[in-house]
*Asks:* 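Before anything else, here's the structure in question.
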Protein chains: 2
Amino acid sequence: MARKVVAKGRARFHRETPEDRRRQLGEAALRCIVKHGNAGVSVRQIAAEAGVTQGLITHHFGEINELVAYAFDIMSEGLLQSLLKAVADAEPTPQKRLDAFINVSFSPMLFDRGVLGVWVVFWGLVLHSPRMSASQQGEYSNYVGAIEGLLGDLAADEGFGIADIRLSAIAFTALLDGLWLAWCLNPASFKPEEGMQLCRNWVEGLRRGAYA
Amino acid sequence: MARKVVAKGRARFHRETPEDRRRQLGEAALRCIVKHGNAGVSVRQIAAEAGVTQGLITHHFGEINELVAYAFDIMSEGLLQSLLKAVADAEPTPQKRLDAFINVSFSPMLFDRGVLGVWVVFWGLVLHSPRMSASQQGEYSNYVGAIEGLLGDLAADEGFGIADIRLSAIAFTALLDGLWLAWCLNPASFKPEEGMQLCRNWVEGLRRGAYA
DNA sequence: ATACTTGTTATACGATCTTATAATTTCACT
DNA sequence: AGTGAAATTATAAGATCGTATAACAAGTAT
């Protein structure tokens with residue numbers, strides 16, 4: 001007699017652990033944001049992108065802001081890992097490691113309009129949400145800390161002085177972010193290789209004692 | 001017999017020239033964006049902020065995107081004018097003029113979370129709207145052009161070389177924008193005076209031939 | 001097999017959004 | 001004063017949004 005009453009047409013589905021589902025939803029959110037920017041931040045769109053119903057987002061995250069914050073954390077972590085991996089894979093001299101950092105920063109994986117688009121949405125939220133701001137501060141300090149290490153090693157290795165490594169790392173970060181922003185908003189303004197050269201020039205200024 | 005049939009309570013109003021009204025609406029839009037970020041971009045909120053009804057926006061701008069683009073133009077123009085005025089008011093030596101540019105860039109008028117908030121919203125739109133992208137490109141090239149002039153004058157005056165002035169101006173712009181972004185997202189990360197110092201350090205690197 | 005936990009679907013409600021359209025008032029001009 | 005153009009209000013229609021709630025089903029343990 002037929003099979004176990006496949007109710008009036010309710011959709012089949014299979015369960016996932018909360019951890020897996022949360023990540024799927026976070027990644028779907030990122031895809032939506034890449035595609036539509038701020039307009040992509042919507043329970044319905046994200047649920048559709050993930051192939052589930054809206055209630056699931058409420059169930060796993062309570063409110064949508066939590067999902068977005070979670071997506072932000074995923075993305076931050078992923079990018080930082082990519083950067084650190086490139087550094088780790090480089091020859092272990094301070095110069096090569098810093099070069100590797102610069103090169104991967106301008107590689108298509110990171111120097112990308114879609115990636116910036118996600119970031120821009122996050123920035124907008126950080127300015128108005130304490131929850132997002134907290135995530136951003138943690139992420140930023142990890143990022144600056146990594147650069148601090150690279151610059152400090154280079155200075156020690158080559159024997160030049162830096163008055164304030166933390167501030168120098170902040171400047172280098174700002175330069176990278178600013179170039180990334182400018183290029184993504186208008187890819188015709190300069191070429192990625194030119195951006196890399198400008199970063200190397202910045203380091204050359206450091207080397208020549210402009211920050212001592 | 002009474003007066004001219006003051007209809008059943010329709011609101012009084014007074015007309016303005018399209019030009020004035022457009023500007024009022026544009027400025028109301030900016031205030032809304034400052035207050036609520038992307039969430040502030042809404043016909044209803046902007047109309048309320050301006051003290052008019054929604055239909056007026058449709059009437060003057062057709063669709064809301066046009067209003068936002070117009071607000072973007074107002075804002076760009078205003079900021080650039082502030083910068084150029086500070087330069088014009090400075091003593092007419094290349095060094096003083098560049099210093100003035102740096103100083104005003106980090107003054108509370110420009111180095112401000114509200115201002116960045118507006119910009120972030122615009123960036124988000126630029127990435128997804130050709131109309132906004134066109135405005136941004138024009139604005140960006142004006143900005144970089146101004147810096148190009150300042151840097152070129154300094155190099156000529158002091159007799160040091162710059163391989164590519166345009167690229168150097170792009171880097172300096174990126175540094176300014178990056179510092180602005182970082183500080184607004186997290187004002188605890190560094191002090192505006194430190195940001196100014198980092199800009200001067202960058203110029204010192206230029207002076208020492210790091211970009212030659 | 002049966003029951004239980006909970007991940008998941010389904011659905012509804014109220015708010016807000018954009019855009020379109022019609023009615024009305026203001027103001028400049030004759 | 002009266003007329004006409006258009007700036008402005010008023011209102012409605014249809015989408016979409018976020019969240020709450022209840023029913024259902026999948027998988028685990030008993």
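Note on naming: letters A, B, ... go to the chains in the order of the sequence lines (proteins, then strands), and numbering restarts at 1 for each one.
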*Asks:* Contact class for Glu16(A) vs. all strands (heavy atom < 4.0 Å): base, sugar-phosphate, or nothing?
*Replies:* sugar-phosphate
*Asks:* Could you run down the sub-3.5 Å N/O contacts of the protein with nucleotides 27-30 of chain D?
*Replies:*
none

*Asks:* May I have all residue pairs that pass salt bridge (Lys or Arg N to Asp or Glu O under 4.0 Å) and include part of residues 32-54 of chain A, sequence neighbours excluded?
*Replies:* Arg31(A)-Glu49(A), Lys35(A)-Glu49(A)
*Asks:* Can you tell whether the side chains of Arg23(B) and Glu19(B) come within less than 4.0 Å, N to carboxylate O?
*Replies:* no
*Asks:* I need the NE2-C1' distance between His60(A) and dG18(D), as an integer number of Å.
*Replies:* 18 Å
*Asks:* Hey, which of these two, Ala11(B) or Leu56(A), hits DNA chain C nearer its 5' end, going by closest nucleotide?
*Replies:* Leu56(A)
*Asks:* Report yes if some heavy atom in the side chain of Phe111(B) is under 4.5 Å from a heavy atom in the side chain of Ser105(B); otherwise report no.
*Replies:* no
*Asks:* Expressed in angstrom and rounded to an integer, what is the separation of His59(B) atom NE2 from dT9(D) atom P?
*Replies:* 11 Å
*Asks:* Between dT19(D) and Gln54(A), counting only base atoms on the nucleotide and side-chain atoms on the residue, is there a donor-acceptor pair under 3.5 Å?
*Replies:* yes
*Asks:* Is it the case that the base of dT9(C) and the side chain of Arg10(A) share a donor-acceptor contact (distance under 3.5 Å, atom types as modelled)?
*Replies:* yes
*Asks:* In whole angstroms, how far is the C1' atom of dG7(C) from the CD1 atom of Ile57(A)?
*Replies:* 14 Å
*Asks:* Out of Val121(B), Leu116(B), Val120(B), which residue meets the side chain to side chain contact (heavy atoms under 4.5 Å, CB included) rule with Trp123(A)?
*Replies:* Val120(B)
*Asks:* Closer than 4.0 Å, any side-chain N/O of Arg12(B) to the OP1 or OP2 of dT25(C)?
*Replies:* no
*Asks:* Thr17(A) or Glu63(B): which one's nearest nucleotide on DNA chain C is closer to the 5' end?
*Replies:* Thr17(A)
*Asks:* Is Arg21(A) side chain donor-acceptor paired with the dG7(C) base, going by distance under 3.5 Å alone?
*Replies:* no
*Asks:* Are Thr53(A) and dT8(C) close enough that a side-chain N or O sits under 4.0 Å from OP1 or OP2?
*Replies:* no
